[in-house]
Amino acid sequence: DTEVTQTPKHLVMGMTNKKSLKCEQHMGHRAMYWYKQKAKKPPELMFVYSYEKLSINESVPSRFSPECPNSSLLNLHLHALQPEDSALYLCASSQGDRRYGYTFGSGTRLTVV
Amino acid sequence: AQSVTQPDIHITVSEGASLELRCNYSYGATPYLFWYVQSPGQGLQLLLKYFSGDTLVQGIKGFEAEFKRSQSSFNLRKPSVHWSDAAEYFCAVGAGQAGTALIFGKGTTLSVSS
(Lines give C-alpha, C1' and ligand atoms only; values in the text may rest on other atoms or scores of the structure.)
Protein backbone atom coordinates (compact mmCIF):
# COMPACT_ATOMS: atom_id res chain seq x y z
CA ASP A 1 0.00 0.00 0.00
CA THR A 2 1.66 3.20 -1.19
CA GLU A 3 -1.21 5.59 -0.70
CA VAL A 4 -2.49 8.20 1.66
CA THR A 5 -6.26 7.94 1.92
CA GLN A 6 -8.37 10.92 2.89
CA THR A 7 -12.06 10.91 3.76
CA PRO A 8 -14.43 12.43 2.97
CA LYS A 9 -13.52 13.72 -0.49
CA HIS A 10 -16.05 16.54 -0.24
CA LEU A 11 -17.58 18.19 2.82
CA VAL A 12 -20.06 21.02 3.17
CA MET A 13 -20.58 22.32 6.68
CA GLY A 14 -22.27 25.21 8.40
CA MET A 15 -20.42 27.61 10.61
CA THR A 16 -21.88 26.05 13.76
CA ASN A 17 -21.15 22.45 12.81
CA LYS A 18 -18.49 20.10 14.12
CA LYS A 19 -16.91 17.75 11.62
CA SER A 20 -13.72 15.75 11.23
CA LEU A 21 -11.38 14.99 8.36
CA LYS A 22 -9.59 11.66 8.35
CA CYS A 23 -6.26 10.60 6.88
CA GLU A 24 -4.79 7.10 6.82
CA GLN A 25 -1.55 5.58 5.59
CA HIS A 26 -0.08 2.10 5.92
CA MET A 27 3.43 2.76 4.60
CA GLY A 28 5.00 2.86 8.04
CA HIS A 29 5.69 6.57 7.69
CA ARG A 30 6.35 8.24 11.01
CA ALA A 31 5.66 11.84 10.06
CA MET A 32 2.26 13.10 8.98
CA TYR A 33 1.16 16.55 7.86
CA TRP A 34 -1.92 18.68 7.32
CA TYR A 35 -1.80 21.31 4.58
CA LYS A 36 -4.41 23.83 3.50
CA GLN A 37 -4.58 24.86 -0.14
CA LYS A 38 -6.61 27.69 -1.61
CA ALA A 39 -7.31 27.84 -5.32
CA LYS A 40 -4.32 28.70 -7.50
CA LYS A 41 -2.02 28.76 -4.45
CA PRO A 42 0.63 26.36 -3.12
CA PRO A 43 -0.17 24.22 -0.10
CA GLU A 44 0.31 25.93 3.26
CA LEU A 45 1.50 23.89 6.18
CA MET A 46 -0.83 23.66 9.17
CA PHE A 47 0.45 20.87 11.42
CA VAL A 48 3.20 18.27 11.59
CA TYR A 49 3.10 15.11 13.65
CA SER A 50 6.34 13.24 14.15
CA TYR A 51 6.19 9.86 15.88
CA GLU A 52 2.59 10.62 16.87
CA LYS A 53 3.53 13.83 18.64
CA LEU A 54 2.63 17.28 17.45
CA SER A 55 5.89 18.90 16.45
CA ILE A 56 4.79 21.91 14.42
CA ASN A 57 1.70 24.09 14.65
CA GLU A 58 1.91 26.93 12.19
CA SER A 59 -0.18 29.35 14.28
CA VAL A 60 -3.39 27.74 13.10
CA PRO A 61 -6.64 29.02 14.71
CA SER A 62 -8.01 26.85 17.49
CA ARG A 63 -11.10 26.04 15.46
CA PHE A 64 -8.80 23.49 13.77
CA SER A 65 -7.76 20.72 16.13
CA PRO A 66 -5.45 17.91 14.97
CA GLU A 67 -5.27 14.47 16.47
CA CYS A 68 -2.98 11.52 15.82
CA PRO A 69 -4.55 8.43 17.46
CA ASN A 70 -1.83 6.09 16.15
CA SER A 71 0.99 5.96 13.65
CA SER A 72 -1.36 5.30 10.72
CA LEU A 73 -4.12 7.79 11.40
CA LEU A 74 -4.36 11.55 11.42
CA ASN A 75 -7.55 13.49 12.07
CA LEU A 76 -8.43 17.14 11.76
CA HIS A 77 -11.37 18.21 13.91
CA LEU A 78 -13.27 21.25 12.71
CA HIS A 79 -15.51 23.49 14.78
CA ALA A 80 -17.05 26.92 14.22
CA LEU A 81 -15.31 27.46 10.91
CA GLN A 82 -15.58 30.56 8.80
CA PRO A 83 -16.35 30.79 5.07
CA GLU A 84 -12.72 31.78 4.42
CA ASP A 85 -11.72 28.35 5.72
CA SER A 86 -13.16 26.82 2.57
CA ALA A 87 -10.25 25.12 0.80
CA LEU A 88 -8.69 21.83 -0.20
CA TYR A 89 -7.22 20.13 2.87
CA LEU A 90 -4.34 17.84 2.06
CA CYS A 91 -2.79 15.19 4.22
CA ALA A 92 0.73 13.94 3.59
CA SER A 93 3.11 11.49 5.14
CA SER A 94 6.85 10.88 4.99
CA GLN A 95 9.39 8.48 6.33
CA GLY A 96 10.74 11.27 8.49
CA ASP A 97 13.76 11.67 6.25
CA ARG A 98 13.11 14.36 3.70
CA ARG A 99 15.20 12.57 1.08
CA TYR A 100 12.33 10.24 0.33
CA GLY A 101 9.75 12.86 -0.39
CA TYR A 102 6.27 13.19 0.87
CA THR A 103 3.22 11.22 -0.23
CA PHE A 104 0.07 13.28 -0.50
CA GLY A 105 -3.54 12.23 -0.33
CA SER A 106 -6.06 13.48 -2.86
CA GLY A 107 -7.52 15.89 -0.34
CA THR A 108 -10.84 16.88 1.16
CA ARG A 109 -12.63 19.73 -0.57
CA LEU A 110 -14.22 21.70 2.29
CA THR A 111 -16.92 24.30 1.79
CA VAL A 112 -18.11 26.34 4.77
CA VAL A 113 -21.53 27.93 4.33
CA ALA B 1 15.77 31.63 5.00
CA GLN B 2 14.89 28.85 2.62
CA SER B 3 12.74 29.73 -0.36
CA VAL B 4 11.68 28.50 -3.76
CA THR B 5 10.91 30.70 -6.76
CA GLN B 6 9.04 29.63 -9.84
CA PRO B 7 9.35 32.62 -12.18
CA ASP B 8 6.64 31.55 -14.63
CA ILE B 9 3.06 31.74 -13.41
CA HIS B 10 1.52 30.33 -16.60
CA ILE B 11 3.04 28.61 -19.61
CA THR B 12 1.32 27.42 -22.78
CA VAL B 13 3.00 24.78 -24.92
CA SER B 14 1.85 23.11 -28.11
CA GLU B 15 1.25 19.39 -27.92
CA GLY B 16 4.39 17.57 -28.99
CA ALA B 17 6.65 20.50 -28.21
CA SER B 18 9.32 20.45 -25.53
CA LEU B 19 8.80 21.90 -22.08
CA GLU B 20 10.99 23.52 -19.46
CA LEU B 21 9.64 24.79 -16.16
CA ARG B 22 12.00 26.89 -14.09
CA CYS B 23 12.71 26.61 -10.39
CA ASN B 24 15.26 28.53 -8.31
CA TYR B 25 15.91 27.84 -4.67
CA SER B 26 17.61 29.54 -1.77
CA TYR B 27 19.08 27.20 0.81
CA GLY B 28 22.28 27.22 2.81
CA ALA B 29 23.24 23.59 2.49
CA THR B 30 22.68 20.90 -0.11
CA PRO B 31 18.96 21.04 -0.75
CA TYR B 32 16.57 18.18 -1.14
CA LEU B 33 14.48 19.18 -4.16
CA PHE B 34 11.18 17.92 -5.49
CA TRP B 35 8.78 18.48 -8.35
CA TYR B 36 5.09 17.74 -7.81
CA VAL B 37 2.19 17.86 -10.25
CA GLN B 38 -1.41 18.59 -9.34
CA SER B 39 -4.40 18.09 -11.59
CA PRO B 40 -7.51 20.18 -10.82
CA GLY B 41 -9.15 19.17 -7.55
CA GLN B 42 -6.56 16.47 -6.91
CA GLY B 43 -3.71 15.92 -4.50
CA LEU B 44 -0.05 16.30 -5.34
CA GLN B 45 1.84 13.59 -7.19
CA LEU B 46 5.61 13.34 -6.89
CA LEU B 47 7.29 13.56 -10.31
CA LEU B 48 10.91 13.31 -9.20
CA LYS B 49 13.33 14.23 -6.47
CA TYR B 50 16.99 15.07 -5.99
CA PHE B 51 19.12 14.83 -2.89
CA SER B 52 22.57 13.74 -4.07
CA GLY B 53 24.46 12.02 -6.84
CA ASP B 54 23.77 12.43 -10.54
CA THR B 55 22.50 15.94 -11.16
CA LEU B 56 20.19 14.80 -13.96
CA VAL B 57 17.20 13.09 -12.40
CA GLN B 58 14.66 10.98 -14.22
CA GLY B 59 11.08 10.90 -13.05
CA ILE B 60 7.72 9.51 -13.95
CA LYS B 61 5.68 10.35 -17.05
CA GLY B 62 8.80 11.13 -19.08
CA PHE B 63 9.91 14.09 -16.97
CA GLU B 64 13.47 14.90 -15.98
CA ALA B 65 15.12 17.66 -14.01
CA GLU B 66 18.64 18.96 -13.74
CA PHE B 67 20.19 20.26 -10.53
CA LYS B 68 22.63 23.11 -11.12
CA ARG B 69 24.24 24.23 -7.90
CA SER B 70 26.03 27.20 -9.54
CA GLN B 71 22.69 28.60 -10.68
CA SER B 72 20.65 27.42 -7.67
CA SER B 73 18.24 25.90 -10.13
CA PHE B 74 16.29 22.69 -10.54
CA ASN B 75 14.44 23.02 -13.84
CA LEU B 76 11.90 20.45 -15.01
CA ARG B 77 11.94 19.28 -18.63
CA LYS B 78 10.00 17.05 -20.94
CA PRO B 79 10.95 16.49 -24.60
CA SER B 80 7.40 16.10 -25.93
CA VAL B 81 4.33 17.34 -24.07
CA HIS B 82 1.01 15.51 -24.14
CA TRP B 83 -2.38 17.13 -23.60
CA SER B 84 -2.70 15.17 -20.35
CA ASP B 85 0.29 17.05 -18.93
CA ALA B 86 -1.83 20.17 -18.48
CA ALA B 87 -1.79 20.77 -14.72
CA GLU B 88 -0.22 22.81 -11.93
CA TYR B 89 3.44 22.11 -11.24
CA PHE B 90 5.09 22.84 -7.90
CA CYS B 91 8.77 22.88 -7.10
CA ALA B 92 9.60 22.28 -3.45
CA VAL B 93 12.61 22.11 -1.16
CA GLY B 94 12.88 19.92 1.90
CA ALA B 95 14.37 22.14 4.53
CA GLY B 96 15.41 21.65 8.09
CA GLN B 97 15.50 18.44 10.02
CA ALA B 98 13.67 15.26 9.27
CA GLY B 99 9.97 15.56 9.84
CA THR B 100 9.84 19.22 8.90
CA ALA B 101 7.69 20.28 6.04
CA LEU B 102 8.27 21.09 2.43
CA ILE B 103 8.62 24.66 1.24
CA PHE B 104 6.72 25.13 -1.99
CA GLY B 105 7.10 27.56 -4.84
CA LYS B 106 3.97 29.37 -5.98
CA GLY B 107 3.49 26.97 -8.85
CA THR B 108 3.37 27.13 -12.65
CA THR B 109 0.18 26.42 -14.56
CA LEU B 110 0.84 24.48 -17.74
CA SER B 111 -1.66 24.66 -20.59
CA VAL B 112 -1.27 22.47 -23.67
CA SER B 113 -2.63 23.65 -26.99
CA SER B 114 -3.47 21.35 -29.88
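Bear in mind that the values here come from a model prediction, so they are computed numbers and not experimental data. Both backbone and side-chain heavy atoms feed into the values below; hydrogens, waters and symmetry mates do not. Convention: sequence-line order gives letters A, B, ...; per-chain numbering from 1.
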Please say yes or no: joined through hydrophobic side-chain contacts below 4.5 Å, possibly via intermediate residues, are [X] and [Y] part of one cluster?
{"X": "A/Leu73", "Y": "A/Leu21", "result": "no"}
{"X": "A/Leu54", "Y": "A/Leu74", "result": "yes"}
{"X": "A/Met15", "Y": "A/Leu78", "result": "yes"}

Considering residues, nucleotides and ligands other than [X], do more than 12 of their heavy atoms fall under 6.0 Å from its [atom1]?
{"X": "A/His10", "atom1": "NE2", "value": "no"}
{"X": "A/Lys18", "atom1": "NZ", "value": "no"}
{"X": "B/Ile60", "atom1": "CD1", "value": "yes"}

Minimal non-hydrogen separation, [X] against [Y], with atom names:
{"X": "B/Phe90", "Y": "A/Gln37", "answer": "CZ-NE2, 3.6 Å"}
{"X": "B/Leu44", "Y": "A/Phe104", "answer": "O-CB, 3.4 Å"}
{"X": "B/Gly105", "Y": "A/Pro42", "answer": "O-CB, 3.2 Å"}

**Study point:** Atom pair CG (A/Leu90) and CD (B/Gln38), whose distance is rounded to the nearest 0.5 Å
**Key:** 6.5 Å
Review point. About how many Å separate NZ of A/Lys41 and CD of B/Glu88, when rounded to the nearest 0.5 Å?
Key: 10.5 Å
Study note, to complete from the structure: Under 4.5 Å to a heavy atom of chain B? For A/Glu44 that would be neither
Check your understanding: Side chain, backbone, both or neither: which part of A/Tyr35 has a non-hydrogen atom closer than 4.5 Å to chain B?
Key -> side chain
Point to revise | Ring centres under 6.0 angstrom apart (B/Tyr36, A/Tyr102) | key: no
